[in-house]
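Just so it is clear, the structure is predicted and the values come from calculations on it, not from any experiment. Chain A is the first sequence line, chain B the second, and so forth, proteins listed ahead of strands; every chain is numbered from 1. In what follows, every heavy atom counts, from backbone to side chain, and hydrogens, waters and symmetry copies are set aside.
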2 protein chains.
Amino acid sequence: MEVLTIHEAAETTGWTPRMLRYIERIGLIEPARTKSGYRQYGAGDLQRLRTLRELLADHEIGLGDVAFALRLRRDEALEGAVDSWLEAEPQRPEAVSADEWLRWEQEKHARIIAALTTNEPMETAA
Amino acid sequence: MEVLTIHEAAETTGWTPRMLRYIERIGLIEPARTKSGYRQYGAGDLQRLRTLRELLADHEIGLGDVAFALRLRRDEALEGAVDSWLEAEPQRPEAVSADEWLRWEQEKHARIIAALTTNEPMETAA
DNA sequence: TTAACCTTATCAAAGCTGTGTCAAGGTTGG
DNA sequence: CCAACCTTGACACAGCTTTGATAAGGTTAA
């Protein structure tokens with residue numbers, strides 16, 4: 001047996017067919033299709049569906065959260081913007097003047113751009 | 001003028017006081033407090049409130065999304081788990097046997113751990 | 001060929017998010 | 001001391017997310 005239909009995949013992973021379609025729609029797992037459009041879940045898809053369940057349960061997060069993490073990873077501009085915003089976090093308000101903060105902000109952007117163009121630490125190629 | 005009250009902060013940032021409390025409750029911006037509990041918004045808080053508005057508008061994301069990104073950044077176990085799950089993404093199902101996939105999975109964890117303990121590319125210290 | 005699948009689309013309900021408003025009470029500055 | 005703030009908590013509502021059910025129709029394998 002090479003690939004499973006949506007009902008079979010649902011059976012072996014604990015999701016419902018409905019949810020498998022939903023998970024696909026939000027971009028998390030997009031199985032191959034037959035010529036006529038039937039979904040074909042391969043071994044990798046099944047494993048990912050199972051680990052997805054664990055991920056959600058273990059950390060009390062939702063599908064939307066994982067979808068957002070995926071979006072972050074695919075949209076570098078977004079990731080940069082979010083990271084950049086979060087970066088300023090640990091500042092205690094009293095500790096900085098508006099001026100210092102602005103300089104920090106500008107340097108931060110520079111740092112992030114530098115990091116983006118310098119680091120490519122984890123190539124996905126085997 | 002050093003710090004602003006919640007209504008003043010709302011005024012100058014375009015949020016409502018209600019939303020400022022909400023933003024605090026989801027962990028995004030936690031202003032200092034006076035001894036008696038009044039919120040004190042400093043220059044940094046105000047700047048972050050303004051850039052937060054931009055961030056949401058520019059990228060069509062919600063406060064909950066930013067809150068999740070913050071959670072990712074604070075909970076390394078969560079971040080590792082999510083990244084690890086997303087990592088397997090580009091695989092085409094037909095291309096891998098279950099065996100190969102499992103090995104890939106295991107190596108991936110090793111790679112991620114290695115990366116975590118090796119890279120500390122962006123120190124937040126000035 | 002036909003039963004048992006699959007597809008997409010739609011209606012629906014439960015729950016969460018984001019936001020307003022109000023109440024009961026504490027703090028503060030003139 | 002009191003008007004004008006602030007606090008938390010609650011009720012409420014629109015809109016979105018998550019999930020199920022069902023319908024109308026295409027595909028497939030015995």
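Qualifying side chain to side chain contact (heavy atoms under 4.5 Å, CB included) partners for B:Asp75, counting only residues two or more places apart in sequence or in other chains: B:Ala77, B:Leu78. With sequence neighbours left out, the side chain to side chain contact (heavy atoms under 4.5 Å, CB included) criterion links A:Arg50 to A:Thr12, A:Thr13, A:Leu46, A:Gln47. Taking A:Glu24 as the reference, A:Arg33, A:Arg39 meet the side-chain hydrogen bond (donor to acceptor under 3.5 Å, both in side chains) condition, with sequence neighbours excluded.
Considering only heavy atoms from C-beta on, A:Pro31 stays 4.5 Å or farther from A:Gln40 through its side chain.
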If a protein heavy atom is under 4.0 Å from the base, mark B; if only from the sugar-phosphate, S; if neither, -; do that for nucleotides 24-30 of chain D going 5' to 3'.
--BBS--

Base contacts versus sugar-phosphate-only contacts with protein, heavy atoms under 4.0 Å: please encode nucleotides 11-19 of chain D as B, S and - from 5' to 3'.
------SSB

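For A:Glu87 and B:Arg73, the salt-bridge test passes: some basic side-chain N is under 4.0 Å from an acidic carboxylate O.
Distance B:Leu52 CG to C:dG18 C1': 13 Å, rounded to the nearest Å. Distance A:Arg21 CZ to C:dC5 P: 14 Å, rounded to the nearest Å. Summarising the geometry, the separation between CD1 on B:Ile23 and P on C:dT17 is reported as 15 Å, rounded to the nearest angstrom. Residue B:Glu24 contributes atom CD, which lies 16 Å from atom C1' of C:dG18 at whole-angstrom precision. Counting to the nearest Å, the C1' atom of C:dG26 and the NZ atom of B:Lys35 are 17 Å from each other. Look at CD on B:Gln40: it is 10 Å from P on D:dT7, rounded to the nearest Å. Distance B:Leu28 CG to C:dT17 C1': 14 Å, rounded to the nearest Å. Rounded to a whole Å, the CD atom of A:Glu11 is 17 Å from the P atom of C:dA4.
Within 4.0 Å (heavy atoms only), B:Arg39 reaches sugar-phosphate atoms of the nucleic acid but no base atom.
Not one N or O on the side chain of A:Asp83 forms a donor-acceptor pair closer than 3.5 Å with the backbone of A:Gly80. B:Trp85 places no side-chain N or O within 3.5 Å of a backbone atom of A:Leu55 that could act as its donor or acceptor partner.
A distance of 4.5 Å separates CG in A:Leu63 from CD1 in A:Ile26, rounded to the nearest 0.5 Å.
Within the structure, side-chain hydrogen bond (donor to acceptor under 3.5 Å, both in side chains) pairs that include any residue of residues 60-72 of chain B do not occur (at least two apart or interchain).
Proximity of B:His7 to the phosphate of D:dC5: no side-chain N or O atom is located under 4.0 Å from OP1 or OP2.
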